[in-house]
There are 2 protein chains.
Amino acid sequence: MADGKGRYAQIVQKLKTHGHHLTPQRLAIIKAIVESDRHPSVEEIHARLRKTFPTMSLATVYRNVMLLKSLGEVLALGFPDGSNRYDGRHPFPHPHVVCVRCKKIVDPELQSGRELARAVGDATGFRILSHRLDFFGICRDCEAAGKKGCGAGQAAK
Amino acid sequence: MADGKGRYAQIVQKLKTHGHHLTPQRLAIIKAIVESDRHPSVEEIHARLRKTFPTMSLATVYRNVMLLKSLGEVLALGFPDGSNRYDGRHPFPHPHVVCVRCKKIVDPELQSGRELARAVGDATGFRILSHRLDFFGICRDCEAAGKKGCGAGQAAK
DNA sequence: ATTCCTGCAAAATCTTTGCAGCTAG
DNA sequence: CTAGCTGCAAAGATTTTGCAGGAAT
């Protein structure tokens, strides 16, 4: 399973292949996405990189995330509440579990996705291209912490 | 299974119970939501009702849809592409199959939702509150129609 | 040298809110 | 009557786009 380092090299390789420039900002954005296990939002990526690139524009983050998405190297998780988070480690449809309190996102072990998609396709006659399996709830940490925010509190919006 | 008529009466009843006024606009919005099997968007509801209420504001549709949602009588389907559609017939988590071409939305017969949510909860330690199972693909009509739009073409955005 | 990229600011969406007058109960 | 609702317009929030200067190849 691709870890941060492997994914980074993989994505950089694909950018080269497609003739895209490897600017410091771009590389930093890629690094931020693949090194985080938090499925960061554009805002979070931007905030994190402002330390290194004080003038970096939000538009640049948007543009790069869109580029990576168009290359199939990042999965966009647009949630019902309007928040957007990105997964650069597993850029393919897979289930997510979201804590509605601290906004933590976990990738559960669950093989059902593929077969479920196939079953739905058979039942409806659709040619299924992709899917979203999202579960929303309260994580163990937040449950234990009571009403207050839990450990890795990270706002998605 | 609640049909349009049943749902309409049910929703009106709940509004009364909660002391909400039954304005003509509100009733028309409810009717539009429960009579459509198309999971309409706010824009679609508004467009449809402009014939009867030429001065009806988009804000009014938004406010009423939000009210119904807050009462648990409508399920909001916010999709990754930013489009929003509403289901007034089955206002509880259930799977959807979306045609990415004509934007048709189908409710597949699929019982797995509940048990899947439970399995995910067990596996992750989350207390699961709700879920979203969305499948995206090409419906049979669109497949048959080739590149052109299919029968009930309805833009979601 | 070229082509692509960045930062800034303006634009474009989509949704929410403030307010004055109107309406259902 | 009184609380709640509507329409209009303005405000918000988030994401996209135009442009001129600057970098990467």
Side-chain angles (χ1 to χ4, degrees), chain A residues 11-33 40-47 49-71 74 76-86 103 155-157, chain B residues 11-33 40-47 49-71 74 76-86 103 155-157:
Chain A
I11 293 174
V12 169
Q13 182 50 48
K14 176 167 277 189
L15 286 171
K16 279 183 187 168
T17 300
H18 288 250
H20 294 289
H21 290 184
L22 302 179
T23 64
Q25 292 95 327
R26 176 164 292 165
L27 295 175
I29 289 169
I30 297 169
K31 205 171 270 184
I33 291 181
S41 67
V42 165
E43 284 287 359
E44 285 164 356
I45 297 167
H46 184 244
L49 297 182
R50 269 184 84 69
K51 298 162 193 162
T52 318
F53 302 88
T55 67
M56 180 184 278
S57 161
L58 206 44
T60 294
V61 182
Y62 274 109
R63 279 185 287 230
N64 277 287
V65 167
M66 287 198 308
L67 171 63
L68 295 175
K69 185 180 151 193
S70 75
L71 292 174
V74 152
L77 312 178
F79 289 111
D81 71 346
S83 62
N84 270 294
R85 309 273 294 264
Y86 298 88
K103 309 302 182 188
K157 193 176 184 179
Chain B
I11 294 173
V12 169
Q13 183 51 47
K14 176 167 276 189
L15 286 171
K16 279 183 188 168
T17 300
H18 288 250
H20 295 287
H21 290 184
L22 301 179
T23 64
Q25 293 95 328
R26 175 163 292 164
L27 295 175
I29 289 169
I30 297 169
K31 205 171 269 184
I33 290 180
S41 67
V42 165
E43 283 288 358
E44 285 166 355
I45 297 167
H46 184 243
L49 297 182
R50 269 184 84 69
K51 299 162 194 162
T52 318
F53 302 88
T55 66
M56 181 184 278
S57 161
L58 205 43
T60 294
V61 182
Y62 274 109
R63 279 186 287 231
N64 277 287
V65 167
M66 287 197 308
L67 172 62
L68 296 174
K69 185 180 151 192
S70 75
L71 292 174
V74 152
L77 311 177
F79 289 111
D81 70 346
S83 63
N84 270 293
R85 309 272 295 262
Y86 298 89
K103 308 303 180 189
K157 194 179 183 181

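The sequence lines fix the lettering, A, B, ..., with proteins before strands; numbering per chain opens at 1.
For the side chain to side chain contact (heavy atoms under 4.5 Å, CB included) test, no residue two or more places apart in sequence or in another chain qualifies with A/T52.
The side chain of A/H20 contributes an N or O atom lying less than 4.0 Å from OP1 or OP2 of C/dC5.
Proximity note for A/T23 (side chain, C-beta onward) versus C/dC5, D/dC8, C/dC8: the nearest is C/dC5. Across D/dG7, C/dC8, C/dC5, the shortest atom-to-atom separation from the side chain of A/S57 is found for C/dC8.
Here the P atom of nucleotide D/dA24 and the NZ atom of A/K16 are 14 Å apart, to the nearest Å. A/R50 has its CZ atom 12 Å from the C1' atom of C/dC8, to the nearest Å. In this structure, CD of B/Q25 is placed 9 Å from C1' of D/dG7, rounded to the nearest angstrom. The interatomic distance linking B/N64 (CG) with C/dT15 (C1') rounds to 15 Å, in whole Å. Between the CG atom of B/L58 and the P atom of D/dA9 there is a distance of 14 Å, given to the nearest Å. D/dA13 atom C1' lies 10 Å from atom CD of A/E43, rounded to whole Å. To the nearest angstrom, C1' of D/dT25 lies 17 Å from NE2 of A/H18. Counting to the nearest Å, the C1' atom of C/dC14 and the CG atom of A/D81 are 15 Å from each other.
Two residues are said to be in side-chain contact when any heavy atoms from C-beta on lie closer than 4.5 Å; A/V42 and A/N84 fail this criterion. Here the side chains of B/L15 and B/L71 are in contact, with some heavy-atom distance below 4.5 Å. B/E43 has its side chain within reach of B/L58: a pair of non-hydrogen atoms, C-beta onward, lies under 4.5 Å apart.
Atom NZ of B/K14 has more than 12 neighbouring heavy atoms from other residues, nucleotides or ligands inside a 6.0 Å radius.
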Between the protein and nucleotides 1-3 of chain D, which nitrogen or oxygen pairs are less than 3.5 angstrom apart?
none

Considering only nitrogen or oxygen atoms on both sides, find all protein atoms under 3.5 Å from nucleotides 17-21 of chain C and state each distance.
from: C/dG18; atom 1: O6; to: B/R63; atom 2: NH1; distance (Å): 3.3

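Within the 3.5 Å criterion, the main-chain N or O of B/K103 finds a donor-acceptor partner in the side chain of B/R85.
Comparing A/L22 and B/M56 by the nucleotide of DNA chain D whose heavy atom lies nearest to each, the residue mapping closer to the 5' end is B/M56.
The shortest non-hydrogen separation linking A/I29 to A/T60 is CD1-O, 4.0 Å. When all heavy atoms of A/A32 and A/L49 are compared, the closest pair comes out as CB-CD2, 4.4 Å. Listed here is the closest heavy atom pair of A/F53 and A/A28: CE1-CB, 3.6 Å.
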